[in-house]
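One structure is given below, encoded as C-alpha cells.
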Amino acid sequence: LDRYVFHTSATMDANSAMGKSERLGIFPTVGISWNMQNEPFMKNTEDWLDEIKLRFSIGQSGNAPKGTAAYYGAYSSRGEYMDMSAIYPSRMQLNNLKWETSTEYNLGGDFSFFHGKLRLTFEWYNKYIKDLLQKEPKMPTTTGFSKNKWYNSGRMENKGWDLTVSWRSNIGKDFKYNIGFNLSDVKNKVIDLRGYKSSTTELTAKIEGQPLNAIFGFETLGIC
C-alpha cells in the first residue's frame, strides 16, 4: 500500500585474526518505516504536504583486530643458555579474542512540504559498543609478559541527533536557489573499561565516565 516498509538483513564475517571459536561474527539489522502521507486520514493535506516518513532501525556491525592471526602466541630467541640456543614466550596466545561489536539504534523522520520546496530530516541515534579492542595494553610482569597484543575490554557509547532543513524555489523562470542549514549534537562516553586500567598520554586520557581520548592536563590558578 506504499505505507509500511520492513527490511532485514544479516552480515556474516569471518576473520583469521581471531581463534576458531570466535572467528565468525553474525551481525543482524532490522528496520521499519511508515509513509504517513499515504494514509486515508491524510487526504485533506495533499495541497501542502508531500511526505511524512517515520523510521526506526536497529543494527549491528563488527570490528576485527588488525593483522593476520593476531591471536597467535609467539616465541623469541634469548640467545644462548650454556651451550644451547634459548627461546622464551614473548606474546600470549589469545584464543578468546572477540569481535568489537557495535549496536546502533536510529530513529528518524523525513518531511516534505509545499511540493518539495521545504524539506526537513531528523535523526536520533545511540551507538553502543562492547568488547572494545585495546591495542597492546600493559600487563603485570608477574604474568611473564609486559604487554598484550590485543585485549577486549569495556564498553563505550555514542549518542546524538542531527537536523537538516532546506528550502528550494525559483524567482521567475531562470533563477533557482536552494538554502539550508544543519544542526547536530553528539556525546561520547567510556562506560566501562573492565579491568583495562585508565591510561593517559601527554595530551589525552582514557577514563571511565569521560569521552574517549578527552583532553587531559593540569588545572592551574593562573599564569604569573
Salt-bridged, Glu51 to Arg119, with N to O below 4.0 Å?
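Salt bridge flag = yes for Arg119 with Glu51.
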
Counting N and O atoms only, with roles assigned by atom type, does the side chain of [X] sit under 3.5 Å from a partner on the main chain of [Y], one being a donor and the other an acceptor?
X: Glu100; Y: Leu132; result: no
X: Ser184; Y: Trp161; result: no
X: Asn188; Y: Asn158; result: no
X: Glu22; Y: Lys98; result: no
X: Asp50; Y: Gly116; result: yes

Answer whether the closest heavy-atom distance between the side chains of [X] and [Y] falls below 4.5 Å.
X: Pro89; Y: Phe145; value: yes
X: Tyr71; Y: Arg23; value: yes
X: Trp167; Y: Val165; value: no
X: Trp124; Y: Asn126; value: yes

Tell me whether the count of non-hydrogen atoms from other residues, nucleotides or ligands lying under 6.0 Å of [atom1] in [X] goes above 12.
X: Asn44; atom1: CG; result: no
X: Tyr72; atom1: OH; result: no
X: Asp185; atom1: CG; result: yes
X: Arg3; atom1: CZ; result: yes
X: Tyr75; atom1: OH; result: no

Taking atom [atom1] of [X] and atom [atom2] of [Y], what is their separation to the nearest 0.5 Å?
X: Ser61; Y: Trp99; atom1: OG; atom2: CH2; answer: 10.0 Å
X: Tyr4; Y: Ser33; atom1: OH; atom2: OG; answer: 11.5 Å
X: Tyr128; Y: Lys159; atom1: OH; atom2: NZ; answer: 12.5 Å
X: Arg168; Y: Phe114; atom1: CZ; atom2: CZ; answer: 14.5 Å
X: Phe122; Y: Leu107; atom1: CZ; atom2: CG; answer: 7.5 Å
X: Thr143; Y: Asn148; atom1: OG1; atom2: CG; answer: 8.0 Å

For the residue pair Glu104 / Asn106, report whether a side-chain donor-acceptor contact shorter than 3.5 Å exists.
no

Identify the heavy atoms of [X] and [Y] that sit nearest to each other, and give their distance.
X: Lys149; Y: Leu94; result: CB-CD1, 4.3 Å
X: Ala69; Y: Arg91; result: O-NH2, 4.3 Å
X: Ala64; Y: Met18; result: CB-CE, 4.1 Å
X: Leu24; Y: Met12; result: CD2-CE, 4.0 Å
X: Phe111; Y: Gly109; result: CE1-C, 3.7 Å
X: Asn63; Y: Leu133; result: O-CD1, 3.4 Å

Could you please spell out the steps behind the side-chain contact (heavy atoms from CB on, under 4.5 Å) verdict for Asn95 and Ser21?
CA-CA 8 Å; Asn95 291 326; Ser21 63; 5.5 Å; no

Check for me, please, whether [X] and [Y] land in the same ILVMFWY cluster - side-chain distances under 4.5 Å, paths through other members count.
X: Leu54; Y: Phe56; value: yes
X: Leu183; Y: Tyr125; value: no
X: Ile191; Y: Tyr105; value: no
X: Trp34; Y: Leu120; value: yes
X: Ile32; Y: Ile52; value: yes

